[in-house]
Amino acid sequence: MTGDGTRCVHGGLETGAVGEPVHPGPVLSATFHLGLPHDPPAHDFYSRPDNPTFRMLESAVGELEGGVCTSFSSGMAAIAAVLRLAAQPGAAIVLPSDGYYVARVLAQDELVPLGVEIREVATAGAWDDQIVDGATLVLLETPSNPGLEVCDIRAVAERAHAGGALVAVDNTTATPLGQRPLALGADLVVASDTKALAGHGDVVLGHVTARDPILADRIKAARTRSGAVPGPMEAWLAHRGLGTLDLRLARQATNAHALALALTTHPAVSDVRWPGLPDDPSYAVASKQMRRWNGVLRFTLRSKEQVGEFLAASRLVISATSFGGLQTTADRRERWGDAVPPGLIRLSAGCEDTDDLVHDVLGALDRIRV
Ligand SMILES: *Cc1c(COP(=O)(O)O)cnc(C)c1O
């Protein structure tokens, strides 16, 4: 099985016996039969260490990413597990200054007081040797959220490894179909599966995938200790959602491309960024390391008020945070404290018909008072 669509549809599903379900339902059980004292121990005994439904999702995601996957209760739980792995007193951790903001909040509020040095670097900035020198962990986020900046995973991983650091990549925006950081030299992938991977806006979930099975064991042990396990129902919904990731990404990327082109020529809009546009500053690196595009773009209107006028005039674009779902959503990122202009919108193109969406968005922009 080599094609993206085939692997999404079949990943994690075992060949069952006659009469068994093709995609078994969630194993909603905290505890499993232990048997009598002389019975050999079974793999499953309690759903904090493991659960058959987690394993199905992990097997599918791990195959797509080329490593051993451990699911977590959220993207932040996954990031926290990776940060804690490297957070000894005196250690240094490198984080993107323009990446998902809660990772920085966690590092500043919980790791700095433990004596961990946090170095923040812009994703598209200069990754010189001093930045990674002496670090225990370098976390990249490419394309970054919300700026959609990219960095060269292979180049940074080489530098970081030369200094002995582990390299983790937040792959949330790209998804395992869009980018394979482990094949580009990273040790770990972290991601929020709340976004495009599960894809229906109905679960909060995350994962860590490790290239080295020993590192994967440490991640799983950390999950068991901290208790940041997914619910079986969430894992099952994410696995079901993953089946259509290939199809959804295709439509979302088509829609994002059409929107990015249309927005570029609209007088109310500036600074349209989508890594798949050949004149985008991210394009050169992105097209080298990404396997396909996705539905996330950003653009800027002149003010918060204009964002309000645009959202009120659109029939299809829902004002909501998060991204990667079926419906097109727009999020004015300044409201969350991102260091961006008040009119910056991160837009997640959904699976609507392209003509409908472009027509709706351009019509809503035309209604902005200038
Ligand atoms: C949403 C997001 C997270 C956090 O994930 P949750 O599932 O909300 O905990 C981490 N990184 C990126 C890039 C995200 O977009």
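Remember, it's 1-based here, ligands and their atoms both numbered in the order they're listed.
In terms of polar-atom proximity, V204 is not counted as a contact of ligand 1, lacking any N or O under 3.5 Å from an N or O of the ligand. Polar contact with ligand 1: absent for F323 (N/O pair, distance under 3.5 Å). For ligand 1, the polar-atom distance check finds an N/O of N145 within less than 3.5 Å of one of the ligand's N/O atoms.
Protein heavy atom at the shortest distance from atom 11 (N) of ligand 1 is D170 OD2, 2.7 Å. Annotation: atom 10 (C) of ligand 1 to nearest protein heavy atom, Y100 CD2, 3.4 Å.
Across the listed options M76, R346, E141, K195, K195 owns the non-hydrogen atom lying nearest to atom 15 (O) of ligand 1. Closest heavy-atom approach to atom 8 (O) of ligand 1 within the set A198, S192, A174: this belongs to S192.
Interface atoms of ligand 1 facing S74, defined by a heavy-atom separation under 4.0 Å, are 7 (O), 9 (O). Listed by atom number, the atoms of ligand 1 under 4.0 Å from I79 heavy atoms are 10 (C). Which parts of ligand 1 touch G75 is read off a 4.0 Å heavy-atom cut-off, strictly below it: atoms 5 (O), 6 (P), 7 (O), 9 (O). Taking a cut-off of under 4.0 Å to the non-hydrogen atoms of T172, the atoms of ligand 1 that pass are 11 (N), 12 (C), 13 (C), 14 (C), 15 (O).
Salt-bridge annotation for D246 and R292: present, with a side-chain N of the basic residue lying under 4.0 Å from a carboxylate O of the acidic one. Comment: D44 engages R55 in a salt bridge, judged by a side-chain N to carboxylate O separation of less than 4.0 angstrom.
Here the closest heavy-atom approach between residue I131 and residue R119 is recorded as O-NH1, 2.7 Å.
Cation-pi contact between K304 and F310: absent, since separation from the ring centre below 6.0 Å together with deviation from the ring axis within 45° is not met.
For residues 15-33, the side-chain hydrogen bond (donor to acceptor under 3.5 Å, both in side chains) pairs, not counting sequence neighbours, are H23-H239. Applying the ring pair (Phe, Tyr, Trp, His ring centres under 6.0 Å) definition to pairs two or more places apart or across chains, none involves residues 154-210.
The shortest side-chain heavy-atom distance between L139 and V94 does not fall under the 4.5 Å cut-off.
A chain of hydrophobic side-chain contacts below 4.5 Å, direct or via other Ile, Leu, Val, Met, Phe, Trp or Tyr residues, connects V190 to I93.
For L205, the closest heavy-atom approach to ligand 1 falls below 4.0 Å.
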